[in-house]
Chemist: 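Please find one structure pasted underneath; my questions will follow.
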Amino acid sequence: MKNKKPYELFNISDNNFEQCVKCTVCTVYCPILAVDPDFPGPKQSGPDGERLRLTDPKYYDEALKLCLNCKRCEVACPHGVKIGDIIQAARIKYSKHKPTLRDTILANTDFVGTVSSAFAPIVNTAVALKPVRLAMDLTLKIDHHRIFPKYSGMKFETWYKKEAAATQDLYPHHVSYFHGCYVNYNFPQLGMDLVKIMNAIGYGVHLLEKEKCCGVALISNGLIKQATRQAKHNIAAFEQSVVDKGMPIIGTSSTCTFTIRDEYPHLLGLKNDTVRDSIELATRFIYRLLNDEKIVLKFKPDVKLKLAYHTPCHMEKLGWSIYSTELLDAIPGVDMFILDSQCCGIAGTYGFKKENYKSSQLIGKSLFDQINESDIDFVATDCETCKWQIEMSTKAKVKNPISILADALDVEATMKANGVVLKKES
Amino acid sequence: MKFDTVIIGGGLAGLTCGIKLAESGQKCAIVSSGQSALHFFSGSFDLLSYDRKGAEVAYPLEEINNLSDHHPYRRIGVNRIKELLSQVAPLLENAGLHFQGDADMNHYVINPMGKLKPTWLTIDDFSIFDPMIGIPWTKIALLNISGFLDFHTRFVASGLASSGITVQVKYFAMDSFEKIRHNPSEMRSTNIAKIFDQETVIDEFIQRVNELSEGFESVLLPAVFGLFNSTVVGKIKRGVNKPICLVPVIPPSVPGIRSQITLFKRFQALGGKYFLGDSVESGTFQEDKLLAVNTVNQGDISLVADSFVMATGGFSSLGLVASPEKIYDPVFDLDVISHDKRVDWVDKNIFNKQPFMYYGVKTDAAFHAIKAGRAIKNLYVVGSILSGANSLKEGSGAGISLLSALHVSDCIMKADSKE
């Protein structure tokens with residue numbers, strides 16, 4: 001700052017808040033503002049409020065906790081103001097609200113997942129029972145309408161070690177997989193689908209060193225210390241994969257991927273620039289190989305699918321839905337259209353909370369209507385919480401693009417076409 | 001990622017270009033850093049509303065001849081503009097936007113100051129007036145929803161009163177709007193429009209409007225109808241028992257956002273790919289060609305194309321940026337026409353014509369961008385980033401965006417067919 005001429009323009013922020021020209025475009029696309037007038041809206045909560053908070057922290061408004069962190073305000077902003085980051089950073093810095101027991105349980109996906117997986121049949125049966133749901137509603141304020149995702153009896157990591165680990169080194173190329181909590185505890189099949197596709201195109205899939213939950217729910221529930229601890233551990237694991245072993249990292253969840261790439265530096269202040277560009281969604285990784293004509297995909301001849309693609313908020317922010325949709329479009333027999341890009345209303349743990357249930361369903365209503373009016377076999381989307389919300393609120397079944405791709409893939413023909421030869425086991 | 005044409009900028013010019021090219025079968029992409037200036041759209045597209053002395057223009061096509069040689073219209077050519085004008089209405093109609101008016105003679109609309117202003121095309125939400133007749137009513141009810149501060153009724157009323165019209169301003173509240181009124185700073189046009197979009201309030205609203213406008217010839221209302229639901233305006237117009245005239249309000253503009261969404265959907269339906277919230281960071285140039293661009297979000301995956309279009313807008317859209325030393329294009333640092341010295345950029349009388357308004361990216365006669373003195377043969381420039389016009393003083397911004405975009409689209413298609 002010292003060397004600047006007096007008239008020279010400069011930002012003091014990393015989030016561009018000085019660039020806000022008060023145009024109000026962000027307020028048009030805020031899903032929460034449309035249904036909950038208690039939320040001051042992105043402009044007021046973000047750059048406008050930041051001016052006040054910088055003069056005196058007492059101007060912090062606890063209503064900022066209503067922000068979904070969907071980042072649709074940032075996508076809409078014509079001047080590159082990181083409105084969502086400003087709001088989340090203010091929550092981290094100024095909020096005096098302490099997470100409740102309920103918030104802590106919802107946010108600790110790793111801990112709850114480990115326990116629940118061990119007792120999967122009991123937990124699945126119990127949380128599906130109406131009296132249990134009502135009890136959770138009364139005691140914990142977890143809305144009784146919500147149906148918890150089923151826990152898998154076998155964790156993805158356990159399956160991997162048993163069934164896949166031994167052969168992965170034999171493939172000519174290698175990637176690490178950030179599977180996330182959902183794949184590990186609830187839906188290992190998605191991870192298996194990914195391994196199937198990657199193996200078919202000649203890539204061995206490896207686990208990261210003791211992967212921890214990306215921490216997105218910890219951040220949104222105010223458990224920042226724990227989120228920072230987990231993020232530091234993960235960044236070290238990413239560096240081990242990318243820098244030491246030269247293995248890029250792929251994920252199958254848009255929110256996990258977005259969090260470890262962008263929320264770590266922007267909200268937790270943790271540097272990840274040695275690895276950031278080597279972390280991406282699997283669909284983008286596969287698309288690049290196809291686009292560069294380094295691989296070919298061979299599909300089963302009898303695929304016939306009508307799909308609607310839903311763009312999750314963090315996918316919209318990443319700007320990567322094109323990779324998932326282009327891959328799906330590449331499957332012969334797939335007839336797909338893109339649903340209007342909007343928030344489904346679940347926003348991670350937000351929609352599970354009793355006080356948010358009504359708003360959550362109102363936000364998603366136009367999306368649910370559009371899905372219910374469509375003649376489709378599946379909704380395709382890259383986010384697991386969007387999947388839960390859409391499956392609970394519409395008649396449609398939801399699949400990750402990777403699973404759709406895996407189902408349609410002719411593995412043998414693909415391996416042959418790519419000349420994949422496994423190294424001899426030594 | 002390979003496209004026929006990549007357009008940088010997703011506003012009126014970029015979308016027009018994208019739709020036109022996609023209609024002809026091209027595979028197009030638009031990269032847009034956030035939402036566009038259509039969010040501030042008044043409801044009318046101007047072709048040429050004021051002459052060089054600031055007087056109203058009745059016949060814009062005739063007046064174009066009096067513009068300077070550097071003006072984008074003159075560079076396109078008057079005869080060529082006449083050809084292109086015939087493409088405008090079909091393009092908008094096919095997208096699902098209905099406009100009134102034509103280029104032979106300007107019509108009038110009521111502006112937010114209660115004054116009539118000449119314009120070319122007006123979206124069918126709004127009422128247009130014959131320049132010979134003006135406003136045909138003598139007694140008007142001007143209604144507003146209590147708590148909505150972005151509609152300045154007293155300006156509108158006093159403007160109309162100065163034309164000899166009797167205006168009565170009435171505010172009224174409805175339960176459905178009390179919820180958003182709870183947060184006064186957020187009681188914006190779009191938040192009101194979202195309530196109307198659900199349609200449940202329409203009947204009660206119509207009833208209130210009919211009651212309050214009893215004994216008046218017509219009723220003026222703020223333009224807050226039909227954001228994501230395009231049927232709202234028609235329902236209200238049919239329900240109210242006298243002519244309704246909508247007046248533009250402080251942005252965000254409800255008809256503008258609906259127009260943006262409608263054009264975006266048309267582009268998408270034609271197979272176009274729209275990268276929203278993404279910015280072009282760099283280009284790979286080889287001699288006099290641009291081969292590919294890289295964006296913030298797409299990173300190492302380049303957007304490769306045969307042709308590229310710059311539709312990044314003027315200063316307010318950051319298509320042009322003023323640093324203390326120079327005016328520049330932040331995307332490719334293309335050659336810009338501007339005065340060298342900062343003191344020459346502005347006229348200290350804010351109401352005078354401002355020199356900076358005429359600045360823009362330099363092009364050759366075929367609208368190719370020029371970089372370091374050399375024309376880039378597959379990089380075209382359209383819309384507000386073009387030099388030579390003062391769209392604010394002339395009332396020419398939308399006309400330049402639409403016509404330059406259509407002109408360049410034709411050039412791209414011709415170049416395409418030659419190859």
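Every chain is numbered from 1 and lettered A, B, ... according to where its sequence line falls, protein lines coming before strand lines. Remember, it's a predicted structure, so these values are computed and weren't measured experimentally.
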Chemist: To the nearest 0.5 angstrom, please state how far the CZ atom of A:R284 sits from the CD1 atom of B:I301.
Modeler: 4.5 Å

Chemist: Is the backbone of B:E186 close enough, under 3.5 Å, to the side chain of A:K43 for a donor and an acceptor to pair up by distance?
Modeler: no

Chemist: Are A:L33 and B:N191 close enough, and set up right, to give a side chain to side chain contact (heavy atoms under 4.5 Å, CB included), and what steps lead you there?
Modeler: CA-CA 8 Å; A:L33 188 57; B:N191 291 339; 3.9 Å; yes

Chemist: Side chain, backbone, both or neither: which part of A:F39 has a heavy atom under 4.5 Å from chain B?
Modeler: backbone

Chemist: If I measure from the heavy atoms of chain A, does B:T295 come under 4.5 Å with its side chain, its backbone, both, or neither?
Modeler: neither

Chemist: CD of A:E355: more than 12 outside heavy atoms within 6.0 angstrom?
Modeler: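 Atom CD in A:E355 is packed in, count exceeds 12.
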
Chemist: Could you tell me which portion of A:I322 (side chain, backbone, both or neither) has an atom closer than 4.5 angstrom to a non-hydrogen atom of chain B?
Modeler: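 Only the side chain of A:I322 comes within 4.5 Å of chain B.
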
Chemist: Could you state the interatomic distance from OH (A:Y29) to CD1 (B:I257), rounded to the nearest 0.5 Å?
Modeler: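 So the OH of A:Y29 and the CD1 of B:I257 are separated by 5.0 Å.
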
Chemist: To the nearest 0.5 Å, what is the distance between CH2 (A:W320) and CD (B:Q298)?
Modeler: 8.5 Å

Chemist: Would you confirm whether B:N183, through its side chain, and A:D38, through its main-chain N or O, come within 3.5 Å as a donor-acceptor pair?
Modeler: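 The answer is no, because no donor-acceptor pair under 3.5 Å joins these two groups.
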
Chemist: Any chance you could measure B:Q35, atom CD, to A:C77, atom SG, to the nearest 0.5 Å?
Modeler: 10.5 Å

Chemist: Specify which of A:G319, A:G41, A:A76 makes the most heavy-atom pairs with chain B at under 4.5 Å.
Modeler: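 Heavy-atom pairs under 4.5 Å are most numerous for A:A76.
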
Chemist: Check the surroundings of atom NZ in B:K348: do more than 12 heavy atoms from other residues, nucleotides or ligands lie under 6.0 Å from it?
Modeler: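 No.
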
Chemist: When only pairs under 4.5 Å are counted, which of B:Q268, B:M187, B:K2, B:K265 shares the most heavy-atom pairs with chain A?
Modeler: B:K265

Chemist: Side chain, backbone, both or neither: which part of A:C23 has a heavy atom under 4.5 Å from chain B?
Modeler: both

Chemist: Verify the neighbour count for atom CG of B:D340: are there more than 12 heavy atoms of other residues, nucleotides or ligands below 6.0 Å?
Modeler: no

Chemist: Counting only non-hydrogen atoms closer than 4.5 Å, does A:K365 touch chain B with its backbone (N, CA, C, O), its side chain (CB onward), both, or neither?
Modeler: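 Neither part, no heavy atoms under 4.5 Å.
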
Chemist: Side chain, backbone, both or neither: which part of B:M1 has an atom under 4.5 Å from a heavy atom of chain A?
Modeler: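 When you check distances to chain A, atoms from both the backbone and side chain of B:M1 fall under 4.5 Å.
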
Chemist: Can you tell me how far apart OG (A:S366) and CZ (B:F228) are? Round to the nearest 0.5 Å.
Modeler: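 Result: 8.0 Å between the selected atoms.
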
Chemist: With chain B as the partner, which of A:E74, A:E316, A:H79, A:Q44 has the greatest number of non-hydrogen pairs under 4.5 Å?
Modeler: A:H79

Chemist: Which value, rounded to the nearest 0.5 Å, describes the distance between B:F275 atom CZ and A:S321 atom OG?
Modeler: 8.5 Å

Chemist: Please classify the contact of B:K179 with chain A as side chain, backbone, both or neither, using a heavy-atom distance under 4.5 Å.
Modeler: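 For B:K179, the contact with chain A is made by backbone and side chain together.
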
Chemist: Do we see a donor-acceptor contact under 3.5 Å between the side chains of B:R188 and A:T24?
Modeler: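 There is no such pair between these side chains.
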
Chemist: Which bit of A:V81 is near chain B, if near means a heavy-atom gap under 4.5 Å: side chain, backbone, both or neither?
Modeler: neither

Chemist: What part of A:D340 gets within 4.5 angstrom of chain B, counting heavy atoms only: side chain, backbone, both, or neither?
Modeler: side chain

Chemist: Please test A:R288 against B:D300 for side chain to side chain contact (heavy atoms under 4.5 Å, CB included), starting from the C-alpha separation and ending with a verdict.
Modeler: CA-CA 9 Å; A:R288 185 190 294 101; B:D300 64 310; 2.7 Å; yes

Chemist: Around A:F337, counting heavy atoms of other residues, nucleotides and ligands shown, do more than 12 lie under 6.0 Å from its CZ?
Modeler: yes

